[in-house]
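Values below: all heavy atoms of this structure, side chains included; hydrogens, waters and symmetry mates excluded.
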Amino acid sequence: MVSQKNNNLNLHKIFLNLAFEKAKINLGKTKLNPAVGCVLVKNNSVISSGYTSIGGRPHAEYNALRFKKNFENADLYVTMEPCVHYGLTPPCTNLIKKKGIKRVFYSFNDIDKRTANKSKKILSTKNIKVRKIPQSNFKNFYQSYFLIKKNHIPLIDAKIAISKDYFTVNKKSKWITNYLSRNRTHLIRSEYDAIISTSKSINKDNSLLNCRLDGFNNNKPDLIIIDLQLKIKSNLDLFRKFNKRKILIVTSSTNNKKISYLKKRRIKIISVDSLKNKKDFINLFKILKKYAYNRILVESGLIFLNRLLKDKLIYNLYMFKSSIRLGKNGKNNTSNKFIKKLKFENKIKVNLNGDELYKIKIK
């Protein structure tokens with residue numbers, strides 16, 4: 001009997017893992033709504049699946065149940081408990097009841113007060129059994145969604161590349177890491193609403209900071225450029241090649257001629273008084289939340305990154321470590337003491353041909 005229960009639990013976890021894999025598809029593209037995945041199962045076989053649409057609607061359950069199939073007595077596996085409230089769309093619990101679902105399994109409770117811990121009670125009125133099964137391998141999946149609900153600012157992660165001897169600048173090349181690491185960076189970018197960089201970094205490298213992988217080309221995370229004095233160059237590839245991409249520039253400049261030029265290029269200007277301290281940055285992040293960003297990745301030089309690390313504004317740091325020492329060909333534009341003190345423990349298992357990738361929890 002115990003063995004049978006364990007087998008059933010393992011099966012439930014397998015289907016919930018599939019639901020999370022579906023949720024990953026639009027992670028970073030659902031605005032302020034959580035990226036949810038849903039799988040429908042009958043006789044231990046998947047009969048339908050869905051995930052939250054780009055922009056946050058329709059929800060995953062609707063996308064999985066919208067087909068003309070017999071869902072009577074099916075099991076529904078979903079990464080987060082189904083919503084119970086009316087918003088721009090009816091609650092997913094209504095559709096679940098209508099389709100004759102027998103059981104619902106989920107991993108996370110919603111923290112939205114309109115739904116939190118309410119779906120079980122509502123679904124039980126139709127004799128639908130509801131069970132929560134946490135998935136330890138996805139325990140941080142909704143970190144950004146929970147943060148935006150609790151703190152009203154987005155999740156701010158960062159990415160940096162270093163040589164084996166801890167340099168962040170290669171004097172002889174634009175790159176520190178290899179081709180596989182750079183491709184992995186594109187994949188990481190695809191899971192964020194927006195990228196933050198500085199005009200200094202972009203001007204220097206003529207950076208695009210987008211996703212250039214087959215299948216991800218249409219996902220160009222919005223770009224937020226910190227440019228307090230409006231020093232961004234006008235002839236960058238960024239402006240010529242991807243003019244449909246949403247770009248925001250954060251500035252304290254009153255150069256009306258440059259601002260007018262940028263606005264004609266459909267670039268959004270965010271005016272701030274300053275970015276001198278933690279309070280200034282938090283105020284900026286609150287503004288960015290109003291643009292429906294809840295996952296932001298910082299890709300900049302070490303000077304800007306150190307400021308955010310010092311103020312404890314970074315949650316997770318993706319660290320690409322090259323297998324090559326730069327020696328006299330390497331340099332740092334500022335101190336890398338913080339980087340050297342990090343514990344390189346959470347290594348991501350991926351083949352980067354000698355390079356290493358870590359996801360380090362900062363706070």
With no hydrogens and no angle check, just 3.5 Å: does a side-chain donor-acceptor pair link [X] and [Y]?
{"X": "Asn63", "Y": "Ser53", "answer": "yes"}
{"X": "Thr52", "Y": "Asn26", "answer": "no"}
{"X": "Asp165", "Y": "Ser163", "answer": "yes"}
{"X": "Tyr145", "Y": "Thr30", "answer": "no"}
{"X": "Glu81", "Y": "Ser119", "answer": "yes"}
{"X": "Asn94", "Y": "Tyr86", "answer": "yes"}

Could Lys200 and Phe304 be counted as a cation-pi pair, given that NZ or CZ must be under 6.0 Å from the ring centre and within 45° of the axis? no
Please determine if Lys132 forms a cation-pi arrangement with Tyr106, meaning its NZ or CZ atom is less than 6.0 Å from the six-membered ring centre and no more than 45° off the ring axis. no
Can you sort out the partners of Arg295 under salt bridge (Lys or Arg N to Asp or Glu O under 4.0 Å), two or more places apart, ordered by chain and number? none
Angle class for the Phe141/Phe138 ring planes (parallel below 30°, perpendicular above 60°, tilted otherwise)? perpendicular
Check the angle between the aromatic planes of Phe15 and Tyr77 and answer parallel, tilted or perpendicular using the 30° and 60° thresholds. tilted
Taking the side chain from [X] and the backbone from [Y], do they hold a donor-acceptor pair closer than 3.5 Å?
{"X": "Lys171", "Y": "Lys328", "value": "yes"}
{"X": "Thr125", "Y": "Lys121", "value": "no"}
{"X": "Asp157", "Y": "Asn316", "value": "yes"}
{"X": "Arg103", "Y": "Lys129", "value": "no"}
{"X": "Lys159", "Y": "Ile188", "value": "no"}

Non-hydrogen atoms of Asn332 and Tyr166 that approach each other most closely: ND2-O, 3.2 Å
Going from CD1 on Ile232 to OG1 on Thr198, what distance comes out if it is rounded to the nearest 0.5 angstrom? 8.5 Å
State, with a plain yes or no, whether a side-chain heavy atom of [X] is found less than 4.5 Å away from one of [Y].
{"X": "Met80", "Y": "Thr115", "value": "no"}
{"X": "Val298", "Y": "Leu313", "value": "no"}
{"X": "Leu95", "Y": "Ile101", "value": "no"}
{"X": "Lys120", "Y": "Asn117", "value": "no"}
{"X": "Asp222", "Y": "Tyr291", "value": "no"}

Is it true that atom [atom1] of [X] has more than 12 heavy atoms of other residues, nucleotides or ligands lying nearer than 6.0 Å?
{"X": "Lys174", "atom1": "NZ", "result": "yes"}
{"X": "Tyr142", "atom1": "OH", "result": "yes"}
{"X": "Lys164", "atom1": "NZ", "result": "no"}

With sequence neighbours excluded, give me every salt bridge (charged side-chain N to carboxylate O under 4.0 Å, His left out) pair touching residues 145-154. Asp112-Lys149
Apply the hydrophobic cluster definition, ILVMFWY joined by side-chain contacts under 4.5 Å directly or through others, and give me every member besides Ile122. Val84
Could you tell me whether Glu356 and Lys321 have a side-chain N and a carboxylate O separated by less than 4.0 Å? no
